[in-house]
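Below is one structure; the comments refer to it alone.
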There are 2 protein chains.
Amino acid sequence: MLIGELADKANISVDTIRYYEREGLIKPVSVRDSGYREFDESSADTLLFVVRAKDLGFSLKEICTLLRLKNDPDTTCGEVKALAEKKITDVILKIKSLQAIEKDLTALLRACTDTAASVDECPIVDSLDKKEKEI
Amino acid sequence: MLIGELADKANISVDTIRYYEREGLIKPVSVRDSGYREFDESSADTLLFVVRAKDLGFSLKEICTLLRLKNDPDTTCGEVKALAEKKITDVILKIKSLQAIEKDLTALLRACTDTAASVDECPIVDSLDKKEKEI
DNA sequence: CTTGACTCTGGAGTATAGTCCATAGTCTAG
DNA sequence: CTAGACTATGGACTATACTCCAGAGTCAAG
């Protein structure tokens, strides 16, 4: 199949597929003399793999590594596991950082009772102004 | 004080300060004929405001709005509160999405018991390969 | 054999938040 | 007065993940 059909199948744009090719995520099965790329079902599978890994928070670079591991017969499950473990650590760190932000913002919102007050008395602006961080 | 001293005080680079100026976050108190920018304590305060707002997850664009509101005597606390509320909604959404990722990754890691196994039998790779998402 | 849909390449643009650089001018201490 | 530290400007570059475009070539149907 040509790139347009593949794009429809994987539900991503032809530009994105060409971009993924440049990034080494996918290779056409063959290329005609005209330059037209030809793909098959396994290409669609690869794209689905990419989309799913992206949903799990992997970057294109990491997905590239995953695909390489996946296609290397000498790869052990442990190598893949290590990547997933590193990723989950990243994710947990991000969650923690966002939760700290949420906590701070919530405290500020609770402190802000009189919405009609001037910005000079706004506890939110006030806390950002403070020298010491003591919300 | 000149830009270098301000940079030391706020613990950010002179390049970043000039970048913030271009983005409208800060203005020198005055500019010499030579082009040298002059700042004062309030400049340092503004930069601290920016850094703290950044820590709370606000983008530079949003901080720009916050600063504008803060310096406008007609601004009410409610306007600031609305921004903070929007931001907290964003943060909560991000947390939820990351938690979903964490859940999926954890499930995959638990499924992966034999780290020495070939990648062909790796449940992580397997789940990314699957047509249906049914981890 | 022509028309219209499709594809190619290469490059530019988007958003975010900076960082780094060369070249040139300025300032101040000794 | 000069050396060395500092500053200015404009533009390029980083990373991520695309998106869009022009101009040219290709392909299949009628």
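Residue numbering restarts at 1 for every chain, and letters A, B, ... go by the order of the sequence lines.
- Straight-line distance from the CG atom of B:Leu2 to the P atom of D:dC6: 11 Å, rounded to whole Å.
- Electrostatic pairing of A:Lys86 and A:Asp90 counts as a salt bridge here, judged by a charged N lying under 4.0 Å from a carboxylate O.
- Nearest heavy-atom pair across A:Leu47 and A:Ala10 is CD1-CB, 3.7 Å.
- In this entry the distance linking CD of A:Glu21 with C1' of C:dC8 reads 11 Å, nearest Å.
- Across the protein-nucleic acid pair, B:Leu25 atom CG and C:dA17 atom C1' stand 11 Å apart, rounded to whole Å.
- When the C1' atom of C:dA5 is taken as reference, atom CG of A:Asp8 falls 13 Å away, rounded to whole Å.
- Between B:Lys54 and C:dT16 there is no side-chain N or O to OP1 or OP2 distance below 4.0 Å.
- Using a 4.0 Å cut-off between charged side-chain N and carboxylate O, A:Glu23 and A:Lys61 make no salt bridge.
- One can find a donor-acceptor pair under 3.5 Å joining the base of C:dC6 and the side-chain atoms of A:Tyr36.
- Remark on DNA chain D: of its neighbouring residues A:Arg32 and B:Phe39, the 5'-side contact belongs to B:Phe39, judged by nearest-heavy-atom nucleotide.
- Between A:Arg37 atom CZ and C:dC8 atom P there is a gap of 4 Å when expressed in whole angstrom units.
- Put simply, OH on A:Tyr19 is 18 Å from C1' on C:dT9, counting in whole angstrom units.
- Contact between B:Pro123 and A:Cys77 at its shortest, heavy atoms only, is CD-SG, 3.9 Å.
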